[in-house]
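For reference, the structure is listed below as structure tokens.
We use all heavy atoms of the structure for the numbers below, so side chains are in, but hydrogens, waters and symmetry mates are not.
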Amino acid sequence: MASRFQAVALVASPSYPNSIAWSDDNFIAVASAHLVTILNPAVPYGPRGLIRVPTCEPYPIGRVNREDLFTNCMLPAALSRDRRPCVRSISWSPIGMAPNYGCLLAVCTVEGRAKIYRPPFCDFSAEWVEVVDISDRLYDYLTKINFGELDNTPSEFSHGQPIIQGFAEEQPKSCAIDLPNSGTLKQYKRRKVNVTTYNIKDSETFQDQLSNPINTGSTTAGSDENKIDRRTTKVLGNCKLPLITAEKYASRCAMLSSLVIAWSPVLWLPSKICSAPENDSSNGFSILAVGGKSGKISVLRINVPQYYSIEHSRGPTTVTFVGLLQAHNSWVTTISLALLGSESNPQVLLASGSSDGSVRIWIGKGEELLDPSGANNAPFSLLKEVVSVNFVPISVLSLAIPVQTMHKMLLAVGKGSGSFEVWTADISSSIFDKVGIYDAHDCAVTGLAWAFDGCCLYSCGQENYVRAWVLDGSALCEVSIPSNIPGLRSSNDLPNVFVSCLGVAASPGNIALAMVRNVDGDSLDPMYEGRLQKAVVELLWIGGQQKDILSSSSSDFTGEAFLDFSANELNYWESDILWYLTKYENLDNPLVVWDIVAALLAFKQSAPKYMDHILVKWLSVTFLGSYTGLSIGEVLTCIPENFSKITSRKLHLLNIICRRVILSDVKAEEINCKVNLGGQAVTKAEHLTLWIELLFSSEKELRERLVGFSLATFINRLSDSTTTFSRPGFWYPVGVEQMELWIALNHDCVRDQLKVLASEVRKHERRLQSSEYGVEEHCIYCSESVTFDSPEVAHCQCSNSTDKTVQIHQMARCAVSMQVCPAIPLWFCKCCCRRASKLPPETLFTLPGYPLDFKSLTESSVKEIPTKPLCPFCGIPLQRLQPDFLLSPSPV
């Protein structure tokens with residue numbers, strides 16, 4: 001039995017499959033009834049984010065005759081009476097789609113509405129902010145093409161009119177009358193109302209969708225009648241919608257009723273293909289797919305922002321409706337997308353499942369998605385129908401492309417019967433193989449998640465079982481989920497009585513697994529627990545997951561067993577952590593390593609020798625080329641000699657391990673200022689001093705790269721008379737004067753190339769003083785002058801005063817420019833706690849080593865260098881520092 005290491009209660013119960021999702025920036029979102037709850041897994045009991053599902057008015061799509069009300073196609077609309085709001089589907093965007101470099105969250109409700117929300121990073125609020133109403137975009141698109149109908153013209157729609165729908169009759173009183181928004185449910189039951197006068201809403205539902213909420217306040221019958229009369233008067237004056245057939249009405253409702261939503265990874269197109277980004281957008285974009293009741297999938301293209309800001313609450317830069325894909329002849333119940341192909345020819349794989357039991361694989365080319373040629377159809381072509389139409393609906397899909405084999409596809413298909421299928425395919429040759437069908441659950445499969453680069457699959461069912469599977473070649477075998485937990489278990493009094501599991505999600509590093517379960521309310525106290533504990537989110541460690549491909553390997557760790565861990569489990573943990581540390585050396589993977597850091601900290605607490613063994617092996621292979629069995633002290637001593645040949649990404653990983661694992665007991669500010677590092681917390685082990693020296697050497701290496709690149713760019717731009725300061729989103733060297741002073745302070749320990757660059761900069765001192773590159777610094781509090789004596793902090797000249805009553809002001813310096821940070825919202829690093837008013841150049845994070853010639857490097861680079869909201873010393877995403885009572889992500 002798997003043991004959870006964290007658990008947190010929810011106040012509402014999820015109702016649909018895939019109700020939990022884990023974002024690239026380390027947020028967990030749970031769709032529970034009328035709410036979407038956003039959690040930080042690092043502090044699950046801390047602040048939360050919230051999305052309340054609003055009720056929406058129906059779209060004006062037309063009127064039908066009264067005698068058509070009870071035709072077969074209209075019965076779902078006429079009989080639907082569930083008015084409770086509920087979330088049906090959620091999906092996180094890739095990182096970098098939000099205006100603050102975070103993730104956007106797409107939400108689809110049972111009303112059929114789809115919207116996009118962003119984090120409230122500048123709003124000081126717990127509630128997330130709506131930025132795009134996808135359903136509105138879909139409605140505008142459908143009315144533009146007249147819902148794909150040929151016998152009417154779009155001019156028959158009366159745009160700008162109030163959103164009403166109804167039936168046609170000769171008498172005026174036959175116009176549609178909305179249900180009143182007041183009165184209790186019992187009053188509605190007692191009140192006798194002619195059903196034929198009700199408004200028919202396009203959001204009619206999954207048979208359980210809803211329109212407006214019922215106000216529970218008490219009202220009198222007389223007031224209700226007055227409200228109905230006023231509503232009738234309003235409708236009578238605006239009943240200008242076209243008369244359409246019942247079939248058209250049902251078809252339009254189905255086209256506007258969204259069921260499921262999903263994002264694709266970001267596609268980066270070459271500049272020759274996407275040469276002119278518009279509306280402050282870049283040449284990268286993500287595909288948002290929205291499946292509906294009509295069997296069609298709405299395809300939208302959302303561009304990556306050209307630049308990021310923590311001061312302005314901008315929405316997505318460009319949202320373009322690409323077209324409609326007729327994927328199935330029945331409801332589209334699940335969608336999964338993946339990225340396929342190389343940088344020069346990126347493609348999107350789209351897997352869709354339907355209520356008719358069919359599953360189809362579609363492929364779309366990046367260039368065609370950028371500029372679709374079809375008027376109404378999305379540029380996707382059918383690759384394969386892997387499951388044909390049958391009587392078992394599809395509940396969930398999980399599509400994965402292993403990193404090691406970019407043309408291999410893995411697809412898991414969950415069904416309403418409780419079974420699931422696994423398919424593999426070689427896309428380059430279009431060969432599909434069915435691994436098998438597995439009767440894993442007694443009820444509908446509600447969650448599927450691939451992990452460990454397609455090696456493991458996790459499934460959950462509505463009957464509350466969670467299972468783990470290993471794909472070994474052409475066979476899928478069930479294995480047990482690890483039950484041993486490194487470190488101490490989290491103590492809580494949450495219930496352990498569940499009735500269903502409605503989703504699983506793997507962490508960004510695949511070291512942890514999250515699942516959401518509904519609590520058995522009959523087993524709880526209805527007065528206390530039953531009101532606040534409707535569901536529970538559980539976090540499990542899966543780093544020690546058994547894998548057949550590793551079963552023959554043996555660990556060289558000779559320490560004694562601890563906490564009931566077997567030798568195989570220790571080997572699995574070691575392999576998983578080392579594999580994912582190596583995976584993060586790829587620049588395409590954002591440095592969000594909370595799960596790996598948390599696992600190492602847990603082992604540090606329970607088995608420090610085992611943690612040292614893992615880190616020594618990683619350091620030896622990454623920085624020395626191979627593992628030779630050297631002691632930790634010998635390894636730490638030899639590493640700095642090779643820093644000039646090490647990529648910036650590897651140095652960032654090293655800094656994260658040093659700060660967040662080895663020196664986790666020391667405050668980041670103390671490390672930055674190199675003070676109080678000889679205390680008891682640091683000197684209780686000799687090798688900690690070596691770790692500190694290693695951290696300082698690594699950060700000095702990165703600072704030299706940043707300073708050298710900035711000075712060389714400054715010199716090259718002065719020699720180019722056509723160069724102007726960059727537009728937003730692009731980098732130019734700032735703080736050149738401070739960088740020159742830093743070289744002077746560290747003249748004896750910096751490389752000669754920096755000294756030569758500094759001497760060339762001094763030749764342009766007059767121009768430097770009169771330009772934006774160098775600005776005299778003053779205290780932001782008292783306007784006194786500020787001298788440069790540290791790249792981390794600054795003190796005003798009041799510190800030289802003999803008057804003890806004068807207050808000395810300490811200010812933070814920008815981690816990028818070394819200038820005094822202004823009194824504006826600043827970018828903040830959660831790892832080293834540095835602040836930045838300017839963003840670093842993207843080139844800094846792609847350097848394969850210390851450049852032999854900075855000037856030739858900057859000459860060969862493009863004139864406009866994009867910025868990247870990453871810490872120049874840790875490489876993790878920067879963010880705006882939030883108060884303790886508000887939610888913020890934890891990359892480490």
Side-chain angles (χ1 to χ4, degrees), residues 482 484-488 509 511 541 543-544 550 553-585 593-643 646 650-666 671 677-698 831 874 892:
N484 292 322
I485 297 178
L488 299 178
I511 301 296
W541 287 123
L550 299 177
S553 61
S554 60
S555 175
D556 51 8
F557 178 66
T558 58
E560 296 181 359
F562 58 92
L563 294 179
D564 299 327
F565 277 84
S566 66
N568 281 337
E569 287 178 313
L570 295 179
N571 182 47
Y572 296 143
W573 268 107
E574 176 186 325
S575 300
D576 292 338
I577 293 177
L578 293 177
W579 193 88
Y580 273 98
L581 285 174
T582 304
K583 166 193 169 184
Y584 280 114
E585 295 175 9
V593 292
W594 165 82
D595 48 355
I596 294 179
V597 171
L600 289 173
L601 285 174
F603 281 118
K604 178 184 177 182
Q605 183 184 31
S606 58
K609 291 184 179 180
Y610 178 68
M611 182 207 69
D612 288 343
H613 165 75
I614 294 177
L615 293 182
V616 166
K617 179 173 283 190
W618 174 68
L619 292 173
S620 300
V621 174
T622 303
F623 297 95
L624 301 181
S626 63
Y627 177 60
T628 57
L630 296 176
S631 66
I632 186 170
E634 294 172 330
V635 172
L636 296 177
T637 304
C638 297
I639 287 177
E641 302 174 358
N642 299 326
F643 275 165
I646 302 301
K650 292 180 180 179
L651 294 177
H652 291 148
L653 276 171
L654 175 62
N655 294 345
I656 292 173
I657 297 297
C658 289
R659 285 181 174 270
R660 307 305 294 184
V661 179
I662 305 300
L663 303 175
S664 58
D665 297 330
V666 185
I671 299 176
L677 294 181
Q680 182 180 1
V682 178
T683 59
K684 58 185 178 182
E686 289 184 4
H687 70 270
L688 288 184
T689 303
L690 298 176
W691 279 103
I692 294 173
E693 294 176 355
L694 182 67
L695 173 63
F696 290 161
S697 299
S698 176
C831 182
C874 304
V892 295

Requested in this report: Run the numbers on Gln605 and Leu601 for side-chain contact (heavy atoms from CB on, under 4.5 Å), then give the verdict.
Outcome: CA-CA 6 Å; Gln605 183 184 31; Leu601 285 174; over 6 Å; no
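- Taking each heavy atom of Ile646 and Thr622 in turn, the nearest pair found is CD1-O, 4.2 Å.
- Between Cys831 and Arg659 the shortest side-chain heavy-atom distance falls below 4.5 Å.
- Remark: Lys617 NZ to Ile614 CD1 distance equals 9.0 Å, nearest 0.5 Å.
- Each of Leu600, Leu615, Leu570 was compared with Tyr610 under the side-chain contact (heavy atoms from CB on, under 4.5 Å) criterion, and only Leu570 meets it.
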**Report entry** Pair Phe643-Leu654, side-chain contact (heavy atoms from CB on, under 4.5 Å): steps then yes or no
**Finding:** CA-CA 11 Å; Phe643 275 165; Leu654 175 62; 3.8 Å; yes
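- Here the CH2 atom belonging to Trp691 is positioned 5.5 Å from the CD1 atom belonging to Ile632, to the nearest 0.5 angstrom.
- Atom CG of Asp576 is separated from atom CG of Asn571 by 9.0 Å, given to the nearest 0.5 angstrom.
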Query raised in the report: Between Leu624 and Cys638, does a side-chain contact (heavy atoms from CB on, under 4.5 Å) hold up when you go through it step by step?
Result: CA-CA 8 Å; Leu624 301 181; Cys638 297; 4.1 Å; yes
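- Taken to the nearest 0.5 Å, the NZ atom of Lys583 stands 14.5 Å off from the CG atom of Leu578.
- The two atoms that bring Val635 and Val616 nearest to each other are CG2-CG1, 4.1 Å, heavy atoms only.
- Contact record, Leu695 with Leu663: CD2-CD1, 4.1 Å, taken as the closest heavy-atom pair.
- Looking at Lys650, its side chain never comes within 3.5 Å of a backbone N or O of Glu585 through a donor-acceptor pair.
- In plain terms, the two heavy atoms of Cys874 and His652 that are nearest each other are O-CB, 3.2 Å.
- One distance of note links CD1 of Ile656 with CH2 of Trp594; it measures 15.0 Å at 0.5 Å rounding.
- Remark: aromatic rings of Phe603 and Trp573 are close, center separation under 6.0 Å.
- Proximity of a side-chain donor or acceptor of Glu634 to a complementary backbone N or O of Ser631 within less than 3.5 Å is detected.
- Under a 3.5 Å cut-off, the side chain of Ser698 and the backbone N or O of Leu694 do not form any donor-acceptor pair.
- Rounding to the nearest 0.5 Å gives a distance of 11.5 Å between OG of Ser697 and CD1 of Ile692.
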Requested in this report: Test side-chain contact (heavy atoms from CB on, under 4.5 Å) on Leu636 and Leu619 and set out the steps.
Outcome: CA-CA 8 Å; Leu636 296 177; Leu619 292 173; 3.8 Å; yes
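- With contacts defined as side-chain heavy-atom distances shorter than 4.5 Å, the pair Asp595/Tyr580 does not qualify.
- Residues Trp541 and Ala599 approach most closely at CH2-N, 3.6 Å, considering heavy atoms.
- Aromatic ring centres of Phe623 and Trp618: separated by under 6.0 Å.
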